[in-house]
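Note that this is a predicted model, so its numbers are computed, not measured.
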Amino acid sequence: MKQFILKNAARLFAVLGCSTLVTACYGVPYEEFSSKTSGKVVDADTGEPIEGIQVRITAGLRSQGGENSVQGLVPVYISDDIYTDAEGAFQEYVYAHREPDGVLIECLDVDGKNNGSYDPETVVCSLEEAENAVVRMQNSAR
């Protein structure tokens, strides 16, 4: 009888221990981080806004490099492609489970020669700088 009680008690503790582990992993509350990244894309020489520029925003954590790093950041959020309006403005909200260390803003002229032809430009900045970023693109025709 003693053997039976010890054997079943061990099983009971094993089951209770596993259920506690699952609760701890999946029942821990967290707060999602969000921040607005916005700015303007302008011509580097004239300062005029550029419409129709494709912008991709990547928020990430600092890294020593590695396979998944982009300009020293390990991505925790990557936006869909967004495009600048007539004033060259763009805006995107960054959502992550942790506050990113920095933001990478990649700009690419994808509309052909519609508003001039611009070289791709990439800017890495802090979260504070990303709230009103100014990206200066060089016209490749000049």
- Query: Rounded to the nearest 0.5 Å, how far does CG of Leu108 lie from CD of Glu121?
  - Reply: 11.5 Å
- Indicate yes or no: at least one non-hydrogen side-chain atom of Val42 is less than 4.5 angstrom from one of Val134. yes
- Item | Listed partners of Asp111 passing salt bridge (Lys or Arg N to Asp or Glu O under 4.0 Å), at least two apart | none
- Message: Distance check, rounded to the nearest 0.5 Å: Arg56 atom CZ versus Thr58 atom OG1?
- Response: 7.0 Å
- Message: For Thr84 versus Gly52, what's the shortest heavy-atom pair and its separation?
- Response: OG1-N, 3.0 Å
- Using side-chain hydrogen bond (donor to acceptor under 3.5 Å, both in side chains) as the criterion, list what pairs up with Asp85, not counting sequence neighbours. none
- Task: Measure the OG1-CG distance between Thr46 and Asn139 for me, rounded to the nearest 0.5 Å.
- Result: 8.5 Å
- Message: Could you measure the distance from the SG atom of Cys107 to the CG atom of Asp119? Nearest 0.5 Å is fine.
- Response: 12.5 Å
- Item | All pairs passing salt bridge (Lys or Arg N to Asp or Glu O under 4.0 Å) where residues 128-141 contributes a residue, at least two apart | none
- Item | Distance, nearest 0.5 Å, that separates CG of Asp80 from CD1 of Ile57 | 10.5 Å
- Sequence neighbours left out, what passes side-chain hydrogen bond (donor to acceptor under 3.5 Å, both in side chains) with Ser117? Give chain and number order. Ser140
- Query: Using a side-chain heavy atom cutoff under 4.5 Å and only I, L, V, M, F, W and Y, what cluster partners does Ile78 have?
  - Reply: none
Donor-acceptor pairs under 3.5 Å, side chain of residues 86-94 to any protein atom, not counting sequence neighbours: which ones?
{"unit_1": "Glu92", "atom_1": "OE2", "unit_2": "Tyr77", "atom_2": "OH", "d": "2.5"}

- Item | Taking every non-hydrogen atom, the tightest pair across Pro100 and Leu127 | O-CD1, 3.4 Å
- Task: Rounded to the nearest 0.5 Å, what's the gap from OG1 on Thr122 to CD1 on Ile105? Could you check?
- Result: 10.0 Å
- Item | Nearest heavy atoms of Met137 and Val41, plus distance in Å | SD-CG1, 3.5 Å
- Item | Single-linkage hydrophobic cluster, 4.5 Å side-chain cutoff, Val135 and Ile50 together | yes
- Item | Val76/Leu61 under side-chain contact (heavy atoms from CB on, under 4.5 Å): CA gap, chis, key distance, verdict | CA-CA 7 Å; Val76 293; Leu61 304 173; 3.8 Å; yes
- Task: May I ask you to decide if Tyr118's main-chain N or O and Asp109's side chain share a donor-acceptor pair within less than 3.5 Å?
- Result: yes
